[in-house]
Asks: 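Structure below; questions to follow.
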Amino acid sequence: TGAAAMKIGFFVFDGMTQLDFTGPLQVLGRAPGAEVSIIARTMDKVTTDGALTLLPTHDLTNAPDLDLVCVPGGFGIVDIASDTAAIDFIRRQGEQADYVTSVCTGALILGAAGLLQGKKATTHWAYHDLLPLFGAAPVKQRVVRDGNLFTGGGVTAGIDFALTILGEIAGEDHARTVQLGLEYDPHPPCNSGHPDNADPATLAAARKRYAPAVAKTRAAFTASLSSQTEQ
């Protein structure tokens with residue numbers, strides 16, 4: 001007999017970071033019985049931060065109830081902050097899903113939906129200071145679990161995060177086999193993948209690059225939370 005269906009849904013949006021989505025998709029699509037939905041605000045093409053465009057399988061009105069909901073990140077989250085239909089969709093799915101998950105700054109969308117309140121969570125290192133806006137406790141790890149909430153750090157952490165969840169869903173033996181099949185054995189050419197390891201000049205340059213986006217994101221989600229409070 002085949003595995004029971006596992007309804008896995010990714011919420012995608014213009015301006016998202018494609019690897020936040022494609023990394024976990026590559027892993028979670030190998031879960032036994034996986035039925036993957038790519039859900040967007042409309043059925044129009046979704047543009048990512050690279051040349052890749054995506055075709056949704058569902059929009060907010062016809063998406064199935066998910067066993068696992070995953071929200072990737074990217075600079076496009078600023079536009080999602082004020083989209084009440086999208087935030088309400090994530091809230092509804094998060095309240096009934098077995099696994100509530102995010103990669104990178106997708107955690108902030110979970111936060112806007114009220115799903116991080118009182119939870120430990122992580123996000124891209126440049127945005128960690130925004131997590132308390134949503135009542136979350138920032139944890140400096142690539143993957144953080146708090147109950148059925150799984151959050152991954154920035155971009156490539158999505159692969160670690162997905163393998164962690166796959167181990168929960170299908171067992172560690174299956175997760176190890178998938179990791180081997182993907183030959184996920186990273187050996188980066190330089191040790192500069194985290195603020196704790198980067199040299200001061202590299203870190204300063206990265207912080208300067210991200211500062212305007214972080215400020216814009218803080219303003220957008222602060223306004224979103226204020227609007228929700230007034231309703």
Asks: Where the side chain of T177 meets the backbone of D173, is there a donor-acceptor pair that is under 3.5 Å apart?
Replies: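 Yes.
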Asks: Kindly give the heavy-atom pair with the smallest separation between T105 and G74, and that separation in Å.
Replies: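 Heavy atoms only, the tightest pair is OG1-N, 3.0 Å.
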Asks: Any side-chain heavy-atom pair from T123 and L130 closer than 4.5 angstrom?
Replies: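 In short, these two side chains do not touch, never coming nearer than 4.5 Å.
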Asks: Might you point out which heavy atoms bring K7 and P64 nearest each other, and give the distance in Å?
Replies: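 Result for this residue pair: CD-CB, 4.2 Å.
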Asks: Any link between I87 and V69 through a network of hydrophobic side chains (Ile, Leu, Val, Met, Phe, Trp, Tyr) touching at under 4.5 Å?
Replies: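 Linked, I87 and V69 end up in one cluster.
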Asks: Output, in order, the C-alpha distance, side-chain angles, deciding distance and verdict of side-chain contact (heavy atoms from CB on, under 4.5 Å) for V36 and L28.
Replies: CA-CA 9 Å; V36 177; L28 294 176; over 6 Å; no
Asks: Quick check: do I169 and L68 have side-chain heavy atoms less than 4.5 Å from each other?
Replies: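 Sidechains of L68 and I169: in contact.
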Asks: Nearest 0.5 Å, please: how far is CG in D49 from CD in Q18?
Replies: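 Result: 6.5 Å between the selected atoms.
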Asks: Going by side-chain contact (heavy atoms from CB on, under 4.5 Å), F21 matches just one of I38, V46, V103. Which one?
Replies: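 When I38, V46, V103 are each tested with F21, the side-chain contact (heavy atoms from CB on, under 4.5 Å) holds only for I38.
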Asks: What distance do D98 atom CG and E168 atom CD have between them, rounded to the nearest 0.5 Å?
Replies: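 Spacing of CG (D98) from CD (E168) equals 11.5 Å.
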Asks: Quick one: sort the F89 and F11 rings into parallel, tilted or perpendicular, breaks at 30° and 60°.
Replies: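 F89 vs F11 ring planes: tilted.
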Asks: Using every non-hydrogen atom in the two residues, find where A121 and L116 come nearest and quote the distance to one decimal.
Replies: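 Closest heavy-atom pair between A121 and L116: CB-CD2, 4.3 Å.
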Asks: Determine, stepwise, if the pair L110 / I90 fulfils side-chain contact (heavy atoms from CB on, under 4.5 Å).
Replies: CA-CA 7 Å; L110 294 184; I90 297 299; 3.8 Å; yes
Asks: Where does the angle between the aromatic ring planes of F75 and Y210 fall among parallel (under 30°), tilted (30 to 60°) and perpendicular (over 60°)?
Replies: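 Ring orientation of F75 relative to Y210: tilted.
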Asks: Atom CZ of R209 and atom CZ of R207: how far apart are they, to the nearest 0.5 Å?
Replies: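 The CZ atom of R207 is 13.5 Å from CZ of R209, to the nearest 0.5 Å.
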Asks: Using modelled atom types only, decide if a donor and an acceptor are shared between the side chain of T101 and the backbone of T151 within a distance under 3.5 Å.
Replies: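 No.
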Asks: Are the side chain of Q93 and the backbone of L66 linked by a donor-acceptor contact shorter than 3.5 Å?
Replies: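 Between the backbone of L66 and the side chain of Q93 there is a qualifying donor-acceptor contact (under 3.5 Å).
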Asks: Between D59 (side chain only) and N62 (backbone N and O only), is there a donor and an acceptor less than 3.5 Å apart?
Replies: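 Yes; at least one donor-acceptor contact below 3.5 Å.
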Asks: Starting from L163, can I reach L19 by hopping between I/L/V/M/F/W/Y residues whose side chains sit under 4.5 Å apart?
Replies: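 Different clusters.
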Asks: Counting distance only, does the side-chain N/O of T48 pair as donor-acceptor with the main-chain N or O of G50 below 3.5 Å?
Replies: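 Yes; at least one donor-acceptor contact below 3.5 Å.
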Asks: Could you check if a side-chain atom of T156 sits within less than 4.5 angstrom of a side-chain atom of R142, using non-hydrogen atoms only?
Replies: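 Yes, side chains in contact.
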Asks: Check V214 against A126 and note the closest heavy-atom contact, atom names and distance.
Replies: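 Smallest heavy-atom distance, with atoms named: CG2-O, 3.5 Å.
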Asks: Would a single hydrophobic cluster contain both Y99 and L25, if residues Ile, Leu, Val, Met, Phe, Trp and Tyr are joined by side-chain heavy-atom contacts under 4.5 Å?
Replies: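 In one cluster: yes.
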Asks: Count I, L, V, M, F, W, Y as connected when their side-chain heavy atoms are under 4.5 Å apart, and connections chain through other members. Are V27 and M16 then in the same cluster?
Replies: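 Shared cluster, no.
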Asks: Taking the side chain from D20 and the backbone from P72, do they hold a donor-acceptor pair closer than 3.5 Å?
Replies: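 Not at all, since once roles are kept as given, no pair shorter than 3.5 Å links the two residues.
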Asks: Would you say Q26's side chain and I159's backbone share a donor-acceptor pair under 3.5 angstrom?
Replies: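 Such a contact is absent between Q26 side chain and I159 backbone.
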Asks: Applying side-chain contact (heavy atoms from CB on, under 4.5 Å), run through V178 and Y184 and close with a yes or a no.
Replies: CA-CA 9 Å; V178 169; Y184 180 55; over 6 Å; no
Asks: Quick one: CG on D67 to CD1 on I8, what's the gap to the nearest 0.5 Å?
Replies: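 Separation between the atoms: 8.0 Å.
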Asks: Looking at OG1 of T42 and CG of D14, how far apart are the two atoms once the value is rounded to the nearest 0.5 Å?
Replies: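 That separation rounds to 8.0 Å.
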Asks: Using a 4.5 Å cut-off on heavy atoms from C-beta on, say whether the side chain of I109 contacts that of F13.
Replies: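 Heavy-atom side-chain distance check passes, below 4.5 Å.
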Asks: In this structure, would F150 and V139 fall into the same cluster of hydrophobic residues linked by side-chain contacts under 4.5 Å?
Replies: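 No: no chain of side-chain contacts under 4.5 Å links F150 to V139.
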Asks: Check whether more than 12 heavy atoms from other residues, nucleotides or ligands sit under 6.0 Å from atom CD of E172, and answer yes or no.
Replies: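 Incorrect, the count does not exceed 12.
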Asks: Looking at A213 and Y127, what are the two nearest heavy atoms and their distance?
Replies: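 Reported closest heavy-atom pair: CB-OH, 3.5 Å.
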Asks: Under the 3.5 angstrom rule, does the side chain of D199 hit a backbone N or O of T202 as a donor-acceptor pair?
Replies: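 Confirmed, D199 side chain pairs with T202 backbone.
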Asks: Side-chain contact test, heavy atoms from C-beta onward, threshold under 4.5 Å: evaluate it for R218 versus D129 and give yes or no.
Replies: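 Yes, side chains in contact.
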Asks: How far apart are the closest heavy atoms of T217 and L108, and which atoms are they?
Replies: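 So the two residues come closest at CG2-CD1, 3.6 Å.
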Asks: Would a 4.5 Å heavy-atom cut-off, applied to side chains only, mark K45 and L55 as touching?
Replies: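 Yes; the side chains approach each other to less than 4.5 Å.
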Asks: Once rounded to the nearest 0.5 Å, what's the spacing between atom CG of D88 and atom CD of Q228?
Replies: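 One finds 7.5 Å between CG of D88 and CD of Q228.
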Asks: Please answer whether the main-chain N or O of V144 pairs with a side-chain N or O of T122 as donor and acceptor at a distance below 3.5 Å.
Replies: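 Such a contact is absent between T122 side chain and V144 backbone.
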Asks: Mark yes or no for whether R145, through its side chain, and G147, through its backbone, hold a donor-acceptor pair below 3.5 Å.
Replies: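 It does hold such a pair.
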